[in-house]
Trainee: 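Provided herewith is a single structure, encoded as structure tokens, for subsequent inquiry.
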Amino acid sequence: MSGAGLFDLTGRTALVTGCRTGLGLGIAEALAEAGADIVGLGSSPMPEAEARITGLGRRFKAVTADLSEPHDFKALIAGIEADFGAIDILVNNSGIIRRNDVLEFSEQDWDQVMTVNLKSLFFLSQAVAASMVARGAAGRIISIASLLSFQGGIRVPSYTASKHGVAGLTKLLANELAGRGITVNAIAPGYMETDNTAALRADPVRQRQILDRIPAGRWGLPGDMATAALFLASPASGYVTGTVIPVDGGWLAR
Ligand code: NAD
């Protein structure tokens, strides 16, 4: 296989969590441009994702599920697959952040972040992988990690713990699923312009501190990392598994 075929997702279906906005929307669009149909899973409606995906001539299905709540993920996936078709690619993108000083940080802010960012990510991956294994199908699992999968951060203890967990789970899932033809990787975005970073960008001091430290000299955009997701979802990356790929304008190199 060569050229565009290495990045062709025609006939594939991708489930992307949290594709209402930001990075998830950019990823869903990139996968659809490469030919994939998209299932968007999120806690609220995602009309913009539906308009953009169907505008590209691909099918789109919205599934409402709040990932801060417990779910029977195996039943959820079985229902989606019965209605829309088998899932070939899972993108665990949904994520939340809570900011407070270590000395003030609440148990609620710990539990909510850990549930959305880590517990639900694991059990959703388990459910999708179980279906792939039962079908004997090759598949792709891609999770959105963070620079805080590598660094400590400030005032975001549950976020840092969850994203370190995402990096570890990526490696564990890759080890157990490689022999089944399923690759498992993560992407660590740098500082990207989305709702997730609106508070940071609104603070002139933090905004300047962050910008001054990014070798590329600008914040990232959803399109900057959607191409990394396309690579990990496509035939081009068949021998890549268990990695966390930074897309950070050089932040970690500094
Ligand atoms: P965002 O706030 O625009 O998107 C987060 C998405 O998660 C939204 O679509 C939202 O609907 C969904 N979501 C939130 N709570 C949910 C819940 N309870 N159930 C289901 N879905 C839920 O922010 P973003 O920056 O696009 O974040 C996407 C991912 O990228 C997150 O995992 C985030 O941690 C990660 N990330 C972002 C940055 C950045 O700079 N923006 C950096 C590193 C990592």
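Counting starts at 1 for both ligands and their atoms, in listed order. In this text, all values refer to a predicted model and were calculated from it rather than measured experimentally. Numbering starts at 1 and runs along the sequence shown.
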Trainee: Judging by distance only, is a nitrogen or oxygen of Ser146 under 3.5 angstrom from one on ligand 1?
Mentor: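 No, Ser146 has no N/O under 3.5 Å of an N/O on ligand 1.
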Trainee: Take atom CZ of Arg213 as the centre, draw a 6.0 Å sphere, and report whether it contains more than 12 heavy atoms from other residues, nucleotides or ligands.
Mentor: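 More than 12 within 6.0 Å, yes.
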Trainee: Name the closest protein heavy atom to atom 12 (C) of ligand 1, giving the residue it belongs to and the distance to 0.1 Å.
Mentor: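 For atom 12 (C) of ligand 1, the nearest protein heavy atom comes out as Ser94 OG, 3.6 Å.
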Trainee: Specify side chain, backbone, both or neither for Thr194, according to which of its non-hydrogen atoms lie closer than 4.0 Å to ligand 1.
Mentor: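 Near ligand 1, Thr194 shows its side chain, while the N, CA, C and O stay back.
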Trainee: Is Leu25 close to Pro222 at the side-chain level, that is, under 4.5 Å between some pair of heavy atoms?
Mentor: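 The answer is no; the side chains never approach within 4.5 Å.
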Trainee: Look only at interatomic distance and state if Gly24 has a nitrogen or oxygen under 3.5 Å from any nitrogen or oxygen of ligand 1.
Mentor: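 Gly24 vs ligand 1: no N/O contact under 3.5 Å.
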Trainee: Could Arg135 and Glu81 be called an ion pair, given the rule that one side-chain N must be under 4.0 Å from one carboxylate O?
Mentor: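 Salt bridge between Arg135 and Glu81, a charged N being under 4.0 Å from a carboxylate O: yes.
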Trainee: Supply the atom-to-atom distance Leu6 CG to Ser237 OG, rounded to the nearest 0.5 angstrom.
Mentor: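 Spacing of CG (Leu6) from OG (Ser237) equals 10.0 Å.
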Trainee: In the protein, what heavy atom is nearest to atom 8 (C) of ligand 1, and what distance, to one decimal place, separates them?
Mentor: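 Closest protein heavy atom to atom 8 (C) of ligand 1: Thr21 OG1, 3.4 Å.
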Trainee: Under 4.5 Å between side-chain heavy atoms, counting indirect links through other Ile/Leu/Val/Met/Phe/Trp/Tyr residues: same cluster for Ile80 and Ile182 or not?
Mentor: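 Yes.
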Trainee: Which protein heavy atom lies closest to atom 37 (C) of ligand 1, and at what distance to 0.1 Å?
Mentor: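 Answer, as residue, atom name and distance: Leu23 CD1, 3.7 Å.
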Trainee: In terms of residue, atom name and distance, what is the protein heavy atom nearest to atom 15 (N) of ligand 1?
Mentor: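 Result for atom 15 (N) of ligand 1: Ile96 CG2, 3.4 Å.
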Trainee: Please identify which atoms of ligand 1 are closer than 4.0 Å to at least one heavy atom of Asn93.
Mentor: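 Counting from 1, the qualifying ligand atoms are 28 (C), 29 (C), 31 (C), 32 (O).
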Trainee: Distance only, no hydrogens: is a donor on one side chain within 3.5 Å (strictly under) of an acceptor on the other, for Ser43 and Asp66?
Mentor: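 Not at all, the side chains of Ser43 and Asp66 share no donor-acceptor pair under 3.5 Å.
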Trainee: Let me know which of Asn92, Ile87, Val133 forms a side-chain contact (heavy atoms from CB on, under 4.5 Å) with Val128.
Mentor: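 Answer to the side-chain contact (heavy atoms from CB on, under 4.5 Å) test with Val128 among Asn92, Ile87, Val133: Ile87.
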Trainee: Classify the contact between Thr17 and ligand 1 as side chain, backbone, both or neither, using a heavy-atom distance cut-off of under 4.0 Å.
Mentor: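 Under 4.0 Å from ligand 1, Thr17 contributes no heavy atoms.
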Trainee: Heavy atom under 4.0 Å from ligand 1: found in Glu193's side chain, backbone, both, or neither?
Mentor: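 The answer is neither; Glu193 stays 4.0 Å or more away.
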Trainee: Report the part of Asn196 in contact with ligand 1, treating N, CA, C, O as backbone and CB onward as side chain, heavy atoms under 4.0 Å; options are side chain, backbone, both, neither.
Mentor: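 Both backbone and side chain.
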Trainee: For Thr194 and Asn196, which I'm curious about, is there any donor-acceptor pair between the side chains at under 3.5 Å?
Mentor: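 Looking only at side-chain atoms, Asn196 and Thr194 do not form any donor-acceptor pair under 3.5 Å.
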Trainee: Is the number of heavy atoms from other residues, nucleotides or ligands within 6.0 Å of CD (Gln151) greater than 12?
Mentor: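 Result for CD/Gln151: enclosed.
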Trainee: Name the closest protein heavy atom to atom 36 (N) of ligand 1, giving the residue it belongs to and the distance to 0.1 Å.
Mentor: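 Checking every protein heavy atom, the shortest distance to atom 36 (N) of ligand 1 gives Tyr159 OH, 3.5 Å.
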Trainee: Below 3.5 Å, N or O to N or O, backbone or side chain included: is there any such pair between Tyr191 and ligand 1?
Mentor: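 No, since none of the N or O atoms of Tyr191 sits under 3.5 Å from an N or O of ligand 1.
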Trainee: Counting only nitrogen or oxygen atoms and a 3.5 angstrom limit, does Gly42 reach ligand 1?
Mentor: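 The answer is no, given that Gly42 and ligand 1 share no N or O pair closer than 3.5 Å.
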Trainee: State whether the side chain of Asn117 and the backbone N or O of Met114 hold a donor-acceptor pair below 3.5 Å, judged by distance alone.
Mentor: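 Judged by distance alone, no pair lies under 3.5 Å.
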Trainee: Any atoms of ligand 1 less than 4.0 Å from a non-hydrogen atom of Gly18? List them with their elements.
Mentor: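 By the 4.0 Å cutoff, the relevant atoms are 6 (C), 7 (O), 8 (C), 9 (O), 12 (C).
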Trainee: Can you list the ligand 1 atoms lying under 4.0 Å from a non-hydrogen atom of Ser43?
Mentor: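 Contacts of ligand 1 toward Ser43, numbered from 1: 16 (C), 17 (C), 19 (N), 20 (C), 21 (N), 22 (C).
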Trainee: Which atoms of ligand 1 are found less than 4.0 Å from any heavy atom of Val116?
Mentor: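 Matching atoms, with element in brackets: 18 (N).
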Trainee: For Thr197, which part has a heavy atom under 4.0 Å from ligand 1: side chain, backbone, both, or neither?
Mentor: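 For Thr197, only side-chain atoms sit under 4.0 Å from ligand 1.
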Trainee: If you measure from each heavy atom of Ala188 to ligand 1, is any distance below 4.0 Å?
Mentor: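 So Ala188 does not count as touching ligand 1.
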Trainee: Any non-hydrogen atom of Glu69 lying under 4.0 Å from ligand 1?
Mentor: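 Under 4.0 Å: no for Glu69.
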Trainee: Side chain, backbone, both or neither: which part of Pro222 has a heavy atom under 4.0 Å from ligand 1?
Mentor: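 Within the 4.0 Å criterion, Pro222 makes no contact with ligand 1.
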Trainee: Take atom CD1 in Ile154; do more than 12 heavy atoms of anything else shown fall under 6.0 Å from it?
Mentor: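 At most 12 heavy atoms, drawn from other residues, nucleotides or ligands, come within 6.0 Å of this atom.
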Trainee: Identify the protein heavy atom lying closest to atom 43 (C) of ligand 1, giving its residue, its atom name and the separation to 0.1 Å.
Mentor: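 The answer is Pro189 O, 3.5 Å.
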Trainee: In the protein, what heavy atom is nearest to atom 40 (O) of ligand 1, and what distance, to one decimal place, separates them?
Mentor: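 Going atom by atom, the protein heavy atom closest to atom 40 (O) of ligand 1 ends up being Met192 N, 2.8 Å.
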Trainee: Is the terminal nitrogen or CZ of Arg98 (NZ for Lys, CZ for Arg) located under 6.0 angstrom from the six-membered ring centre of Tyr159 and within 45° of that ring's axis?
Mentor: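 Judged by the rule, Arg98 and Tyr159 form no cation-pi pair.
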Trainee: If you draw a 6.0 Å radius around NZ in Lys61, do more than 12 non-hydrogen atoms from other residues or ligands fall strictly inside?
Mentor: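 Yes, NZ of Lys61 has more than 12 neighbouring heavy atoms, counting only those of other groups under 6.0 Å.
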Trainee: Check each atom of ligand 1 against the heavy atoms of Gly22 and keep those under 4.0 Å away; list them by number with element.
Mentor: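 That gives atoms 3 (O), 26 (O) of ligand 1.
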Trainee: Assess the residue pair Arg59 and Phe84 against the criterion (side chain to side chain contact (heavy atoms under 4.5 Å, CB included)); give the C-alpha distance rounded to whole Å, side-chain angles, the decisive distance to 0.1 Å, and a yes or no.
Mentor: CA-CA 9 Å; Arg59 296 190 305 142; Phe84 197 74; 3.6 Å; yes
Trainee: Between Ser44 and ligand 1, is there a nitrogen or oxygen pair with a distance under 3.5 Å?
Mentor: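 In this structure, Ser44 places no N or O atom under 3.5 Å from an N or O of ligand 1.
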Trainee: Short list, please: which atoms of ligand 1 are under 4.0 Å from a heavy atom of Gly95?
Mentor: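 Answer for ligand 1: 5 (C), 7 (O), 31 (C), 32 (O).
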Trainee: Considering only heavy atoms of Ala65, which atoms of ligand 1 have at least one such atom less than 4.0 Å away?
Mentor: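 In order of numbering, the contacting atoms are 19 (N), 20 (C).
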Trainee: Got a salt bridge between Asp88 and Arg12, using NZ or NE/NH1/NH2 to carboxylate O under 4.0 Å?
Mentor: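 Here Asp88 does not pair with Arg12 in a salt bridge, since their nearest N and O are not under 4.0 Å apart.
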Trainee: Take every heavy atom of Ala145, measure it against each atom of ligand 1, and state whether any distance is under 4.0 Å.
Mentor: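 Ala145 counts as a contact of ligand 1 under the 4.0 Å cut-off.
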Trainee: Give the numbers and elements of all ligand 1 atoms closer than 4.0 Å to a heavy atom of Leu67.
Mentor: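 Near Leu67, meaning under 4.0 Å from one of its heavy atoms, ligand 1 has 17 (C), 18 (N), 19 (N), 20 (C).
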Trainee: Check whether the ring centres of Phe105 and Trp110 lie less than 6.0 Å apart, and answer yes or no.
Mentor: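 No, the ring of Phe105 stays outside the 6.0 Å limit from the ring of Trp110, centre to centre.
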Trainee: Aromatic rings Trp219 and Tyr191: how do their planes relate, parallel, tilted or perpendicular, breaks at 30° and 60°?
Mentor: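 Judged by the thresholds at 30° and 60°, the geometry between Trp219 and Tyr191 is perpendicular.
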Trainee: Which protein non-hydrogen atom lies closest to atom 10 (C) of ligand 1, naming both residue and atom, and how far is it?
Mentor: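 Looking at atom 10 (C) of ligand 1, the protein heavy atom closest to it is Arg20 NH2, 4.1 Å.
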Trainee: Report yes or no: does Gly190 have a heavy atom closer than 4.0 Å to ligand 1?
Mentor: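 Gly190: in contact with ligand 1 (<4.0 Å).
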Trainee: Within the 3.5 Å criterion, strictly below it, is a donor on Asp109 or Ser158 matched to an acceptor on the partner's side chain?
Mentor: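 Absent: no donor and acceptor within the cut-off.
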Trainee: Quick one: are Leu9 and Ser234 in side-chain contact, heavy atoms under 4.5 Å?
Mentor: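 Of all side-chain heavy-atom pairs linking Ser234 with Leu9, at least one is under 4.5 Å.
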Trainee: Look only at interatomic distance and state if Leu41 has a nitrogen or oxygen under 3.5 Å from any nitrogen or oxygen of ligand 1.
Mentor: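 It does not: no N or O of Leu41 is found under 3.5 Å from an N or O of ligand 1.
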Trainee: Can a non-hydrogen atom of Trp219 be found less than 4.0 Å from any atom of ligand 1?
Mentor: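 It does not, in that no heavy atom of Trp219 comes within the 4.0 Å cut-off of ligand 1.
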